[in-house]
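Below is one structure; the comments refer to it alone.
All values derive from a computational prediction rather than experimental measurement. Every number for a ligand or one of its atoms is a count from 1 in the order of the listing.
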Amino acid sequence: MASITLRNIVKQYGDGFPAVNDVSIDIADGEFIILVGPSGCGKSTLLRMIVGLEDITAGDLLINDVRVNDKAPRERNLAMVFQNYALYPHLTVFENIAFPLRLAKKKHSEEEIRQKVTEAARTLELTDHLERKPANLSGGQRQRVAMGRAIVREADAFLFDEPLSNLDAKLRGQMRSEISQMQRRLGVTSVYVTHDQTEAMTLGDRVAVLKKGELQQIASPRELYEQP
Ligand code: ADP
Ligand code: ADP
């Protein structure tokens, strides 16, 4: 579990105006925060800087009060859930979820792996699908497998990059409530990027609104809703 602090974060690509401009946000341990705004406002860039896939031009990024600007992604212990799931088509659901454990530097016994995967599958209601391949799953089930991977890594925080944008409207609604319930059950700090107003207003504890790289406002969905 982790708090994440963004302090005057700037990202400058080339000579243009900054993709992210002086953004400061304090994300509390266990908080579910939404980054929302139109395409090109800097949401993905901000998320990628937090996870360590993108260098930070200026400012400080702190995880549990420790500055991590120069730490490699693997040292940050954050789990990213992508919109295209990034599942391995030739592996079963079980092996897809187990993958980060097999990759980890710290060796896990087969028994340990079986236990962690089984437990994650139970949380995600995937128990009956563990021997299937991704091609034989629905979009929502694939999304859950991708989350299972994040769960078994016991990451300090989940970072979601528009995880529902490829799903149809019905499934999106269903997954929205599943993600919200699961985040509350696990109590894990989550940062969730979307351009979807409904997701922004229903999922998070707080919503950070970005425009042209700048933080316009940050408030609870209720406070945003009640604004004139
Ligand atoms: P969003 O996720 O909100 O759609 P992005 O973070 O992807 O926005 O992009 C923010 C701005 O940074 C945009 O103007 C985009 O064109 C620019 N940008 C993103 N990635 C790169 C890159 N690798 N090189 C140059 N400019 C980039
Ligand atoms: P190790 O224990 O060897 O560092 P990890 O479980 O951290 O192994 O995974 C290896 C690498 O893959 C790390 O750099 C980690 O950050 C990255 N990684 C694995 N899964 C994810 C994910 N879902 N999101 C972000 N990074 C990931």
Side-chain angles (χ1 to χ4, degrees), residues 2 4-27 31-63 68-74 76 78-86 139 142-143 146-147 149-150 155 157-169 171-172 175-176 179-180 183 189-221 223-225 227:
I4 301 173
T5 308
L6 313 179
R7 216 176 262 162
N8 308 108
I9 297 284
V10 175
K11 178 67 188 188
Q12 180 89 49
Y13 293 109
D15 303 330
F17 67 89
V20 172
N21 196 1
D22 199 23
V23 168
S24 298
I25 308 177
D26 280 307
I27 304 168
E31 188 174 22
F32 192 162
I33 196 152
I34 309 287
L35 302 180
V36 71
S39 179
C41 72
K43 306 182 293 294
S44 307
T45 300
L46 198 51
L47 202 68
R48 290 166 59 80
M49 285 192 285
I50 295 172
V51 80
L53 297 172
E54 199 76 72
D55 285 339
I56 297 170
T57 307
D60 300 307
L61 172 66
L62 295 86
I63 298 179
V68 298
N69 289 48
D70 304 318
K71 285 196 177 177
R74 62 167 54 210
R76 299 185 190 191
L78 309 173
M80 187 108 159
V81 182
F82 295 98
Q83 62 177 265
N84 54 7
Y85 321 124
R142 280 181 219 162
Q143 180 63 59
M147 294 181 69
R149 272 202 194 149
F158 291 169
L159 305 175
F160 296 93
D161 191 3
E162 308 221 14
L164 307 185
S165 60
N166 290 339
L167 305 180
D168 66 43
L171 199 52
R172 211 157 48 223
M175 287 306 298
R176 209 164 52 223
I179 287 177
S180 153
Q183 197 274 345
T189 311
S190 301
V191 184
Y192 188 108
V193 163
T194 184
H195 62 263
D196 182 296
Q197 292 292 335
T198 313
E199 285 173 33
M201 295 306 269
T202 55
L203 274 175
D205 298 317
R206 279 193 303 162
V207 182
V209 183
L210 293 171
K211 192 173 176 189
K212 294 187 178 156
E214 294 183 4
L215 181 62
Q216 284 230 305
Q217 53 180 344
I218 181 162
S220 70
E223 286 163 342
L224 285 181
Y225 186 74
Q227 269 175 10

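Annotation: atom 24 (N) of ligand 1 to nearest protein heavy atom, Y13 CD2, 3.4 Å. Looking from atom 2 (O) of ligand 1 to the surrounding protein, the closest heavy atom is S44 OG, 2.6 Å. Looking only at heavy atoms of the protein, atom 9 (O) of ligand 1 is closest to T45 OG1, 3.8 Å. At the top of the distance list for atom 12 (O) of ligand 1, counting protein heavy atoms only, stands A19 CB, 3.2 Å.
With a 4.5 Å cut-off on side-chain heavy atoms, L6 and L215 do not count as touching. In this structure, I179 and L164 have side chains that are in contact, with non-hydrogen atoms separated by less than 4.5 Å. L78 places none of its side-chain heavy atoms less than 4.5 Å from the side chain of T189.
Proximity of a side-chain donor or acceptor of N69 to a complementary backbone N or O of L61 within less than 3.5 Å is detected.
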Please tabulate, one pair per line, all N/O donor-acceptor pairs under 3.5 Å involving side-chain atoms of residues 37-46, not counting sequence neighbours.
from : atom 1 : to  : atom 2 : distance (Å)
K43  : NZ     : G37 : O      : 2.8
K43  : NZ     : P38 : O      : 3.2
T45  : OG1    : Y13 : OH     : 3.3

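Less than 4.0 angstrom separates some heavy atom of P38 from each of these atoms of ligand 1: 3 (O). Which parts of ligand 1 touch K43 is read off a 4.0 Å heavy-atom cut-off, strictly below it: atoms 1 (P), 2 (O), 3 (O), 4 (O), 6 (O), 8 (O).
C41 counts as a contact of ligand 1, since one of its heavy atoms falls under 4.0 Å from the ligand.
Residues satisfying the side-chain contact (heavy atoms from CB on, under 4.5 Å) criterion with S24, sequence neighbours excluded, are N8.
Using a 4.0 Å threshold on non-hydrogen atoms, atom 16 (O) of ligand 1 does not count as touching the protein.
Compare G40, G14, G42, G37 by their heavy atoms: the one nearest to atom 4 (O) of ligand 1 is in G40.
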